[in-house]
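A quick write-up on the structure given underneath.
Proteins come first, then strands; the chains are lettered A, B, ... in the order of their sequence lines, and each starts at number 1.
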2 protein chains.
Amino acid sequence: MASDTRTEILDAAERLVQTRGFNAFSYADIASELDLTTASLHYHFSGKAELGRALIERYTERFGEALGAIDAAGGEAPGKLAAYADIYASVLRDRRMCLCGMLAADYDTLSDPMRAAVVEFFDRNEAWLVAVLEQGEREGSLRLGGSAPEAAQALVSGLEGALLIARPYGDVKRFESAARRLVEALAAQSTPA
Amino acid sequence: MASDTRTEILDAAERLVQTRGFNAFSYADIASELDLTTASLHYHFSGKAELGRALIERYTERFGEALGAIDAAGGEAPGKLAAYADIYASVLRDRRMCLCGMLAADYDTLSDPMRAAVVEFFDRNEAWLVAVLEQGEREGSLRLGGSAPEAAQALVSGLEGALLIARPYGDVKRFESAARRLVEALAAQSTPA
DNA sequence: GTCTATAGGCAGATAGAC
DNA sequence: GTCTATCTGCCTATAGAC
């Protein structure tokens with residue numbers, strides 16, 4: 001069972017990475033926030049790279065649970081895509097960037113385990129989207145311009161970029177507008193009833 | 001007249017920011033690369049924030065020149081959009097992220113002058129794109145799903161995101177595929193002759 | 001599990017000689 | 001313009017007491 005402190009460290013580190021980037025926060029930032037010492041942090045995580053790896057692992061797991069919840073709710077593909085985009089919007093409402101989008105920017109400076117975990121996050125996102133897009137084609141609710149994997153890649157790219165650019169403008173509506181546009185353009189809804 | 005050393009400093013710093021991010025390079029990195037001391041760098045730029053501001057200023061200027069060259073070459077809107085996307089592709093071929101896309105990730109940690117310069121970069125990009133998209137509608141070469149400003153925002157977001165995600169995969173084709181897809185979806189070409 | 005204390009290095013920056 | 005020398009502060013990390 002993970003200690004409560006471990007979870008609190010992950011929570012604080014996660015927020016710091018999502019707002020400032022991996023190279024712009026320190027153990028001291030987390031320690032002061034939790035009223036601990038940096039030495040105590042090393043008891044829970046051997047180093048910053050290991051903390052970062054654990055961060056991605058937890059984030060990917062939670063993201064997967066959110067995707068599973070969308071699947072469990074059922075419904076047609078267009079609704080699932082809207083729910084997917086809203087996961088991103090909820091991150092921005094918290095004034096954050098996607099953890100792995102931020103780490104994609106920091107990619108050149110990351111340890112090998114962190115790099116592999118970042119790529120795996122995107123792979124899983126795209127795999128889930130491919131399934132939804134193929135569902136949409138089967139049920140006739142979506143028209144794709146090309147292959148489902150290509151559309152999935154463009155969707156993830158577009159949504160991550162919309163998050164990235166919306167943050168300097170501090171404007172959630174800007175994201176929502178771009179996201180709606182991207183989803184509708186890349187996976188056009190067949191005119192519903 | 002700017003000294004040659006000043007230009008060399010900007011070149012080295014630019015590459016470092018585009019590959020590692022603003023908080024993951026140091027004056028020492030630049031100094032060792034140019035066989036200078038960090039003290040000498042302070043003669044040319046008062047501090048890291050001022051160096052960063054100068055970096056964005058030059059980058060925005062150069063980007064503007066590239067956009068002017070596209071306009072000067074003339075042609076219809078679809079060709080201009082393809083040329084625009086190829087500017088991004090050329091950045092990635094150099095294994096870099098867009099300077100301002102990277103700084104958008106670092107945004108929370110930037111000085112006010114740097115923040116303002118980053119936003120201005122995106123504003124100028126979008127203004128140029130709006131003009132191209134409106135040209136396309138006028139000449140009948142493009143069909144937009146909605147307003148030109150919204151499409152322009154989605155295009156910039158999409159291309160920046162495609163750069164961001166392509167870098168971890170080290171795959172230029174991945175960017176090119178997503179970029180083509182984004183451009184075609186957000187600004188559909190009216191079936192040409 | 002958390003602490004004190006500290007190591008060893010690197011950060012950005014400055015004074016003043018040349 | 002570039003240097004040497006140096007400052008102050010922060011960084012990650014470790015040893016060892018409690």
Handout entry: Salt bridge Glu150(A)-Arg180(B), side-chain N to carboxylate O under 4.0 Å
Key = no

Handout entry: SB check Glu33(A) Arg15(A) (cutoff 4.0 Å)
Key = yes

Can you figure out which of [options] approaches the side chain of [X] most closely?
X: Ala39(B); options: dG12(C), dT2(C), dA5(D); value: dA5(D)
X: Tyr27(A); options: dC3(D), dA13(D), dA13(C); value: dA13(D)
X: Lys48(B); options: dG12(C), dT2(C), dA15(C); value: dG12(C)
X: His42(B); options: dT2(D), dA13(C), dA11(C); value: dA13(C)
X: Thr38(B); options: dC3(D), dA13(C), dA11(C); value: dA13(C)
X: Thr37(B); options: dG1(D), dG12(C), dC3(D); value: dC3(D)

Exercise for the section: Tell me what Asp35(A) touches on the nucleic acid: a base, only sugar-phosphate, or nothing, going by heavy atoms under 4.0 Å. Expected result: sugar-phosphate

Exercise for the section: Check every strand shown and say whether Ser26(B) touches a base, only sugar-phosphate, or nothing at a heavy-atom separation below 4.0 Å. Expected result: sugar-phosphate

Problem - N/O (side chain, Tyr43(B)) to phosphate O (OP1/OP2, dT2(D)) under 4.0 Å - result: no

What is the separation between atom [atom1] on [X] and atom [atom2] on [N], rounded to the nearest whole Å?
X: Asn23(B); N: dC10(C); atom1: CG; atom2: P; answer: 18 Å
X: Leu34(A); N: dG1(C); atom1: CG; atom2: C1'; answer: 14 Å
X: Ile30(B); N: dC10(C); atom1: CD1; atom2: P; answer: 17 Å
X: Phe45(A); N: dT2(C); atom1: CZ; atom2: C1'; answer: 16 Å
X: Leu41(A); N: dC3(C); atom1: CG; atom2: C1'; answer: 12 Å
X: Phe22(B); N: dA11(C); atom1: CZ; atom2: C1'; answer: 13 Å
X: His44(A); N: dG1(C); atom1: NE2; atom2: P; answer: 7 Å
X: Glu8(B); N: dG1(D); atom1: CD; atom2: P; answer: 13 Å

Handout entry: Short side-chain to backbone donor-acceptor contact, Arg174(A) and Gln153(B), under 3.5 Å
Key = no

Practice task
Kindly assign one of parallel, tilted or perpendicular to the pair Tyr88(A) and Phe63(A), based on the angle between their ring planes and the thresholds 30° and 60°.
Solution key: perpendicular

Exercise for the section: Answer with yes or no whether the side chains of Thr109(A) and Asn23(A) bring together a donor and an acceptor at under 3.5 Å. Expected result: yes

